[in-house]
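Notes follow the structure.
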Protein chains: 2
Amino acid sequence: MPVSDASTARSRRRHRTEAAILEAALDVFALHGFRGATLDQIAEGAGMSKPNLLYYFASKEEVHARLLGDLLDHWLAPLRAIDPGGEPVEEILRYVRRKLDMSRDYPRESRLFAGEIIAGAPRISDFLVHGLRPLVDETVGLIRGWTAAGRLAPVDPMQLIFSIWALTQHHADFAAQIAIVAPGDRAGDPGAFLDQLYRRLLTPEAAAERIRAG
Amino acid sequence: MPVSDASTARSRRRHRTEAAILEAALDVFALHGFRGATLDQIAEGAGMSKPNLLYYFASKEEVHARLLGDLLDHWLAPLRAIDPGGEPVEEILRYVRRKLDMSRDYPRESRLFAGEIIAGAPRISDFLVHGLRPLVDETVGLIRGWTAAGRLAPVDPMQLIFSIWALTQHHADFAAQIAIVAPGDRAGDPGAFLDQLYRRLLTPEAAAERIRAG
DNA sequence: GCTGACCCTGACCGGATGGTCAAATCAAGC
DNA sequence: GCTTGATTTGACCATCCGGTCAGGGTCAGC
């Protein structure tokens, strides 16, 4: 197992170095966007020289593409996790919670994505067209079905999805603003608020009355 | 009135040139952020040479600062327009509508602001601290009063304000994503959706009944 | 048609930026 | 300890960037 061992040890080492580069690159790209980021800054953040960084990644674009690729894999998971067989309101609330968790746990990824969209999505339009759109279409159909069955209050499904994206990503993308306007504990709990908001919006009238009567 | 005429004619001409520069600069800054924007690109967009641009503005920072200054004046207006003497739900819905109108009519300004926040708000923290925060605090107090008087369903006021910002700005900041995921008429009407959403959330009657139901 | 202030630009500068290269260093197998 | 391939970097390059400067054009007032 000499060759195999050596190769895996090397590959592990290589993997760690790449991870350090991607980590530093995420900081810089999330803060300044693709054009505003510099390889020198990324290399410094990763604790190495610029030529060494370019030994692991062929170009600035490649680093950026790798980050986006890794990110977009995660991006669709919460949408996919919606269970068509579940209770509609609870399924959507679960989706909201997952999205909010992602914003809390991966704020830089969220900002990277936001920056890319603001810049006109030049590098991720393929993902949006062939990855996100079909899944959204599917989910829109699912929501329409739920609404038609009276298990969900009648809402515009597309707008509903957009609203969830907006409300959850906001906490990551605009963290700097939130930290200034509502420093410390004054911000309240986004999770509880969103739960309340979507429960009120989505609970069908019949169910609401049943609860009222119950 | 020779001198006066000449001076106003010149000032008018100067004003037009500055406007052309700011117009082009808004395009570029909104798309690529401060660091990603270049003076050459702005000058080309404004149809002039870079040195001429720098004849009107001393530096890249000055162009950017001017854009932000002009923008931030507009930014607070909708919040200020909330009438403490009005009907709570309608006042907040009016605020939502105004914010949504701004996102529709000034999407580049919205993206400029968003990019600045994502970048850590290095150039607008003063505005956030001394302009936005006090006004938000005031509005939070107003909402608390309304809630205490039973004229508004009990909601976290700060979270309510954040949600309005998120939901309205989203349509400008993420326009590229929306255009791809829901091209053409499939997007529905954001105004109607937000109206429905906030009416359900804020109308106190619903809250009372929900509490009754326990 | 001369003057003087304003407007505009080509050429240029110093420094940053993405990327290359040859040489030095390191780690692992013998 | 020697070899070999993977890793790392200082020096360098072409280009771009923000900004300067000297000079030329424009135009209103005389």
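In what follows, every chain begins at residue 1, and chains take the letters A, B, ... in the order their sequences are listed. None of these values were measured; they are calculated from a predicted model.
- Atom-to-atom, CD1 of A:Ile42 to C1' of C:dT17 comes out at 12 Å; the value is rounded to the nearest Å.
- As a whole-Å value, the separation of A:Gln41 CD from C:dG18 C1' is 14 Å.
- Checked against D:dG19, C:dG18, C:dG19, the side chain of A:Ser59 finds its nearest nucleotide in C:dG19.
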Run the numbers on B:Glu62 and B:Arg66 for salt bridge (Lys or Arg N to Asp or Glu O under 4.0 Å), then give the verdict.
CA-CA 6 Å; B:Glu62 196 175 296; B:Arg66 172 74 166 275; over 6 Å; no
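- As judged by a 4.0 angstrom heavy-atom cut-off over every strand, A:Leu39 is placed among residues touching the sugar-phosphate backbone only.
- Atom P of nucleotide C:dC7 and atom CZ of B:Arg12 are separated by 14 Å, given to the nearest angstrom.
- Between the C1' atom of D:dC17 and the CZ atom of B:Phe34 lies a distance of 12 Å, rounded to the nearest Å.
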Tabulate protein N/O versus nucleotide N/O from nucleotides 8-13 of chain C, keeping only pairs under 3.5 Å, one per line.
unit_1	atom_1	unit_2	atom_2	d
C:dC8	OP1	B:Arg13	NH2	3.3
C:dC8	OP2	B:Asn52	ND2	3.4
C:dC8	OP2	B:Tyr56	OH	2.6
C:dC8	O5'	B:Asn52	ND2	3.2
C:dT9	OP2	B:Ser49	N	3.1
C:dT9	OP2	B:Ser49	OG	3.1

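- Here the straight-line distance linking atom CE of A:Met102 with atom CG of A:Leu71 works out to 7.0 Å at 0.5 Å rounding.
- Among the protein residues, B:Ala37 comes within range of the sugar-phosphate backbone only, with heavy atoms under 4.0 Å from sugar or phosphate atoms but none that close to a base.
- Every salt bridge (charged side-chain N to carboxylate O under 4.0 Å, His left out) that B:Asp137 has, sequence neighbours left out, goes to A:Arg186.
- Sequence neighbours left out, the pairs with a member in residues 89-102 of chain B that pass side-chain hydrogen bond (donor to acceptor under 3.5 Å, both in side chains) are B:Glu90-B:Arg199, B:Glu91-B:Arg94, B:Tyr95-B:Trp165, B:Arg97-B:Asp195, B:Asp101-B:Arg104.
- Atom CD of B:Glu44 is separated from atom P of D:dG18 by 14 Å (rounded to the nearest Å).
- With rounding to whole Å, A:Asp40 atom CG is found 13 Å from D:dT9 atom P.
- A side-chain hydrogen bond (donor to acceptor under 3.5 Å, both in side chains) check over residues 119-128 of chain A, counting only residues at least two apart or in different chains, returns the pairs A:Glu116-A:Arg123.
- Residues that satisfy the ring pair (Phe, Tyr, Trp, His ring centres under 6.0 Å) test with B:Trp75, not counting sequence neighbours, are B:Phe113.
- The ring pair (Phe, Tyr, Trp, His ring centres under 6.0 Å) analysis of residues 36-70 of chain B, with sequence neighbours excluded, yields the pairs B:Phe29-B:His64, B:Phe34-B:His64.
- When the P atom of C:dT20 is taken as reference, atom NZ of A:Lys60 falls 15 Å away, rounded to whole Å.
- One can place NE2 of A:His15 at 18 Å from C1' of D:dA6, the figure rounded to the nearest angstrom.
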